[in-house]
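Taking it in order: structure first as structure tokens, then the write-up.
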Amino acid sequence: MIFLKLFFAFFKTGLFAIGGGLATLPFLYEISETYGWFSADELANMLAVSESTPGPIGVNMATYAGFTAAGVPGALAAVVGLVLPAFLITAFIAAAFSRFRENRFVDAAFLGLRPAVVALISVAFLEVLKVSVLRLPGNPSVFLSPLHVPSLCLLVGLYALAHIRKKMHPVVLILLGALFGVLFRL
Amino acid sequence: MWELFVSFFKIGLFTFGGGYAMLPMIKREIEEKRKWCSEAEILDYYAIGQCTPGVIAVNCATLVGYKKGGYIGAIVATAAVVLPSICIIIPIAAFIESFAEYAVVQHALAGIRVAVAVLVLRTVISLYKKNIKTAVAALVFFLALILSLVFHVSSVYIVVVAILGGLFFGIRARKEEKK
């Protein structure tokens with residue numbers, strides 16, 4: 001039954017692909033070669049679409065691949081397979097965590113942890129920044145050439161706006177970004 | 001339960017580009033609007049999400065869902081965060097396979113990426129102000145930053161070391177208190 005095969009293929013992916021949606025790619029290529037449900041070219045297109053739509057890349061890829069393999073039920077089988085390992089492990093940790101929350105040692109541990117997490121998020125921000133205002137490869141002989149000035153202007157503009165209207169909902173900013181992106185053909 | 005679903009559906013719907021982009025949305029929806037978790041708790045969940053397999057966005061949903069409504073809550077939140085993806089991708093896969101190639105889409109996405117950068121930056125600044133108040137915290141912050149940025153140490157190791165560090169200093173502080 002194709003649904004079971006889809007489920008297990010994506011369960012394996014969900015279990016071993018650690019560190020972000022793109023880590024699922026090698027597994028997806030393997031699935032493509034093993035089962036032939038979709039080709040490598042189709043995978044490339046799926047990736048482009050998955051990066052263009054909301055939602056985690058991994059989930060988007062699973063949906064697309066599952067759908068290509070076996071329609072809507074296929075998509076569901078793939079997504080459930082992908083998400084289940086993480087869900088089970090995380091739910092287990094959540095249950096354990098809630099019991100240990102009051103523990104003074106756990107408290108101390110997380111106190112040390114929080115600055116580190118802020119650092120990790122900062123690193124992620126730099127990645128996001130790179131993708132948004134740089135257009136690599138750029139011209140090596142021109143200083144700061146990878147910098148895409150219109151995007152940078154939008155960045156400054158949106159930041160100023162968000163700073164002035166602190167209560168603005170993130171979604172509004174995203175929609176504005178989309179709007180200006182289209183208007184200025186970023 | 002329904003509120004849990006709605007909140008995470010919204011989060012799943014507006015997360016563009018990776019787990020960290022979700023943080024501003026989560027802060028807004030979960031912390032400020034619904035007041036289900038404190039900012040510190042959200043940071044803790046992110047830390048846990050770093051160490052567990054799977055998409056960080058989904059794991060956060062599971063954690064918050066569990067806190068709010070046990071195992072059922074975890075399932076509801078997880079399903080809710082994943083559903084927008086499914087609902088959007090399937091029609092695209094069925095009808096508009098060249099979706100990513102349309103110029104409009106690419107322009108809009110370029111703008112969205114900028115907006116996401118702004119959101120994450122504001123969140124980082126806010127988190128920094130609130131969580132880095134002592135010299136030790138600043139030290140941990142910069143150490144983690146350098147390890148990750150310059151030496152490309154995996155997040156998992158950084159989290160584990162930070163936890164051990166926290167434990168170590170916490171125990172020492174307690175011993176000094178007792179003296």
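Proteins come first, then strands; the chains are lettered A, B, ... in the order of their sequence lines, and each starts at number 1.
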Cluster question for you: counting only ILVMFWY and a side-chain heavy-atom cut-off of under 4.5 Å, with indirect links fine, are [X] and [Y] together?
| X | Y | result |
| --- | --- | --- |
| A:Val149 | A:Val182 | no |
| B:Val150 | A:Leu129 | yes |
| A:Ile164 | A:Ile174 | no |
| B:Val81 | B:Tyr66 | no |
| A:Phe8 | A:Leu88 | yes |

Residue among [options] with most heavy-atom pairs under 4.5 Å to chain A:
| options | result |
| --- | --- |
| B:Ile90, B:Leu63, B:Leu149 | B:Ile90 |
| B:Ala61, B:Ala115, B:Ala93 | B:Ala93 |
| B:Thr78, B:Ile112, B:Leu139 | B:Ile112 |
| B:Leu127, B:Thr123, B:Val116, B:Leu119 | B:Leu119 |
| B:Thr62, B:Val120, B:Ile158 | B:Thr62 |
| B:Leu13, B:Val105, B:Val161 | B:Leu13 |

Contact check, side chains of [X] and [Y], non-hydrogen atoms, under 4.5 Å:
| X | Y | value |
| --- | --- | --- |
| B:Leu145 | A:Ser122 | yes |
| B:Asp44 | A:Arg114 | yes |
| A:Val59 | B:Val58 | yes |
| B:Ser148 | A:Leu120 | yes |
| A:Pro56 | B:Thr15 | no |

For [X] versus [Y], what's the shortest heavy-atom pair and its separation?
| X | Y | answer |
| --- | --- | --- |
| B:Val118 | A:Tyr159 | CG1-CA, 3.7 Å |
| A:Pro54 | B:Gly12 | CB-O, 4.0 Å |
| B:Gly111 | A:Leu154 | CA-CD2, 4.1 Å |
| A:Pro115 | B:Ala137 | CB-O, 3.4 Å |

Excluding sequence neighbours, so at least two apart, what forms ring pair (Phe, Tyr, Trp, His ring centres under 6.0 Å) with A:Tyr35?
->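 Listed in chain order: A:Trp37.
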
Under 4.5 Å from any heavy atom of chain B - which part of [X]:
| X | result |
| --- | --- |
| A:Ala95 | both |
| A:Leu113 | both |
| A:Leu126 | side chain |

To the nearest 0.5 angstrom, please state how far the [atom1] atom of [X] sits from the [atom2] atom of [Y].
| X | Y | atom1 | atom2 | answer |
| --- | --- | --- | --- | --- |
| B:Ile88 | A:Ser50 | CD1 | OG | 11.5 Å |
| A:Leu173 | B:Arg122 | CG | CZ | 8.5 Å |
| A:His163 | B:Ile125 | NE2 | CD1 | 9.0 Å |
| B:Leu121 | A:Ser132 | CG | OG | 10.0 Å |
| B:Leu43 | A:Ile121 | CG | CD1 | 5.5 Å |

In terms of heavy-atom pairs under 4.5 Å with chain B, which of A:Leu179, A:Leu15, A:Leu158, A:Asn60 leads?
-> A:Asn60

Largest heavy-atom contact set with chain B, pairs under 4.5 Å, which of A:Val128, A:Val117, A:Val118 | A:Val118

Which atom pairs, donor and acceptor, lie under 3.5 Å between side-chain atoms of residues 66-87 of chain A and protein residues at least two apart or in another chain?
from: A:Thr68; atom 1: OG1; to: A:Tyr64; atom 2: O; distance (Å): 2.8

Partners passing side chain to side chain donor-acceptor pair (under 3.5 Å) against A:Thr63 (at least two apart in sequence or in another chain) |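 With sequence neighbours excluded, A:Thr63 shows a side chain to side chain donor-acceptor pair (under 3.5 Å) to no residue whatsoever.
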
Determine whether more than 12 heavy atoms belonging to other residues, nucleotides or ligands lie under 6.0 Å from atom NZ of B:Lys68.
-> no

Side chain, backbone, both or neither: which part of B:Ile86 has a heavy atom under 4.5 Å from chain A?
-> both

Please flag which part of B:Phe14 lies under 4.5 Å from any non-hydrogen atom of chain A: side chain, backbone, both or neither.
-> both

Interface residues of residues 69-77 of chain B facing chain A - heavy atom cut-off under 4.5 Å = B:Tyr71, B:Ala74, B:Ile75

